[in-house]
Amino acid sequence: MQSEPAQAGVRARSQHQRRRRIVQAAAALASRGGVEAMQMRTVAERAGVALGTLYRYFPSKMDLVVAVVSDEIDLLESSIERRPPATSTPSGRAVDVLMRATRGLMREPELADALVRSLIMAEIDTPFAERVTGLLLRVSGHDLDERTASEEQRVLAGSLASVWVHELLAMLRGQRTYEQVQRHLEITATRLLADFPTPPSP
């Protein structure tokens with residue numbers, strides 16, 4: 001018989017795989033019909049889980065939306081590890097990361113719109129903004145992260161992340177082009193990150 005720790009490990013892997021199937025099913029539905037296509041019953045059927053199981057993992061559709069878009073941030077972080085920003089200035093590196101995130105999210109504009117609205121309206125508590133802020137700190141400053149950054153640096157990086165969210169919303173509303181978003185971010189980042197330590201060359 002399996003030991004208790006081994007059984008716990010099997011359960012944990014099974015739960016992780018089940019959650020992964022749910023998120024993938026939701027993303028597949030959204031890619032065809034936007035957030036409206038992410039009906040909880042349909043997601044459960046596509047993922048091969050009971051509706052009650054789905055609700056245990058994701059109590060609401062918005063929780064599921066955030067999980068899907070969080071996968072985009074995971075992909076962004078992996079992309080940055082593989083291919084760090086090539087520019088030498090803190091502001092240039094930050095803008096590089098934010099524009100990569102913009103391109104990733106805009107592949108699914110309906111999902112991006114739901115996420116941005118949830119952040120602005122504070123419909124749910126999500127670590128999305130904090131993750132983006134932490135990512136900006138890590139790529140923008142030498143030896144900076146959420147622990148080593150000063151309060152001022154965290155506030156400035158968070159302010160840049162907030163500007164990006166609003167620019168993304170304007171793009172989703174058809175009020176910005178990619179070029180305009182990038183230019184606005186460049187102007188803002190140059191001012192906000194002017195005193196950040198310059199990262200070493202990659």
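Only this structure's heavy atoms are used, side chains among them; waters, hydrogens and symmetry mates stay out.
Judged purely by distance below 3.5 Å, without hydrogens or angles, the side chains of T188 and W164 never pair a donor atom with an acceptor atom.
Across all non-hydrogen atoms, the minimal contact from I22 to V43 is O-CG1, 3.8 Å. Considering all non-hydrogen atoms of both residues, P90 and P197 come closest at CG-O, 3.7 Å. Taking all atoms of both residues into account, the shortest heavy-atom contact from Q153 to L144 is OE1-CD2, 3.4 Å. Nearest heavy-atom pair across L76 and V97 is CD1-O, 4.0 Å. Scanning all heavy atoms of the two residues, the minimum distance from A67 to R19 falls at CB-NH2, 3.9 Å. Pairing each heavy atom of M40 with each of L54, the nearest pair is O-CD2, 3.0 Å.
Residues I187 and L192 fall into different hydrophobic clusters, defined by Ile, Leu, Val, Met, Phe, Trp and Tyr side chains chained together at heavy-atom separations under 4.5 Å.
Under the 4.5 Å side-chain criterion, counting only non-hydrogen atoms from C-beta, Q182 is not in contact with T102. Between L168 and M106, the closest side-chain pair of non-hydrogen atoms falls below 4.5 Å. Residues L136 and L98 meet the side-chain proximity criterion, which asks for heavy atoms closer than 4.5 Å. Side-chain contact between T190 and T89 is absent, with no heavy-atom pair separated by less than 4.5 Å. Side-chain contact check for H184 versus V163: every heavy-atom pair is 4.5 Å or farther apart. Using a 4.5 Å heavy-atom cutoff, the side chains of Y57 and V49 are not in contact. The side-chain heavy atoms of L193 and R93, taken from C-beta on, include no pair separated by under 4.5 Å. Proximity of E130 to E146: side-chain heavy atoms (C-beta onward) are nowhere separated by under 4.5 Å.
Not counting sequence neighbours, R41 has no partner by the salt bridge (Lys or Arg N to Asp or Glu O under 4.0 Å) test. Among residues two or more places apart in sequence or in another chain, the side-chain contact (heavy atoms from CB on, under 4.5 Å) test is passed with A170 by Q175, R176.
In this structure, R154 does not pair ionically with D145, as no charged nitrogen and carboxylate oxygen lie closer than 4.0 Å. Salt-bridge check for R83 with D96: failed, with every basic side-chain N at 4.0 Å or more from each acidic carboxylate O. At a threshold of 4.0 Å, the pair E81-R138 does not count as salt-bridged, since none of the basic side-chain nitrogens sits closer than that to a carboxylate oxygen.
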Throw together a table of side-chain donor-acceptor distances under 3.5 angstrom for residues 155-162, partners on residues two or more places apart or in other chains.
from	atom 1	to	atom 2	distance (Å)
S159	OG	V155	O	2.9
S162	OG	G158	O	3.1

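Looking only at distances, a side-chain donor or acceptor of D63 sits under 3.5 Å from a matching main-chain atom of S60. Side chain of Q180 to main chain of T177: a donor-acceptor pair is present (N/O by atom type, distance under 3.5 Å, no hydrogens or angles). Looking at S79, its side chain never comes within 3.5 Å of a backbone N or O of L75 through a donor-acceptor pair.
The structure places CD of Q39 at 9.5 Å from CG of L29, a figure rounded to the nearest 0.5 Å. Note that CZ of R183 is 13.0 Å distant from CD of E179, once rounded to the nearest 0.5 Å. Taken from CG in D71 to CD in Q24, the straight-line distance is 8.0 Å, to the nearest 0.5 Å.
Annotation: R46, atom CZ; neighbour count of heavy atoms from other residues, nucleotides and ligands within 6.0 Å is above 12.
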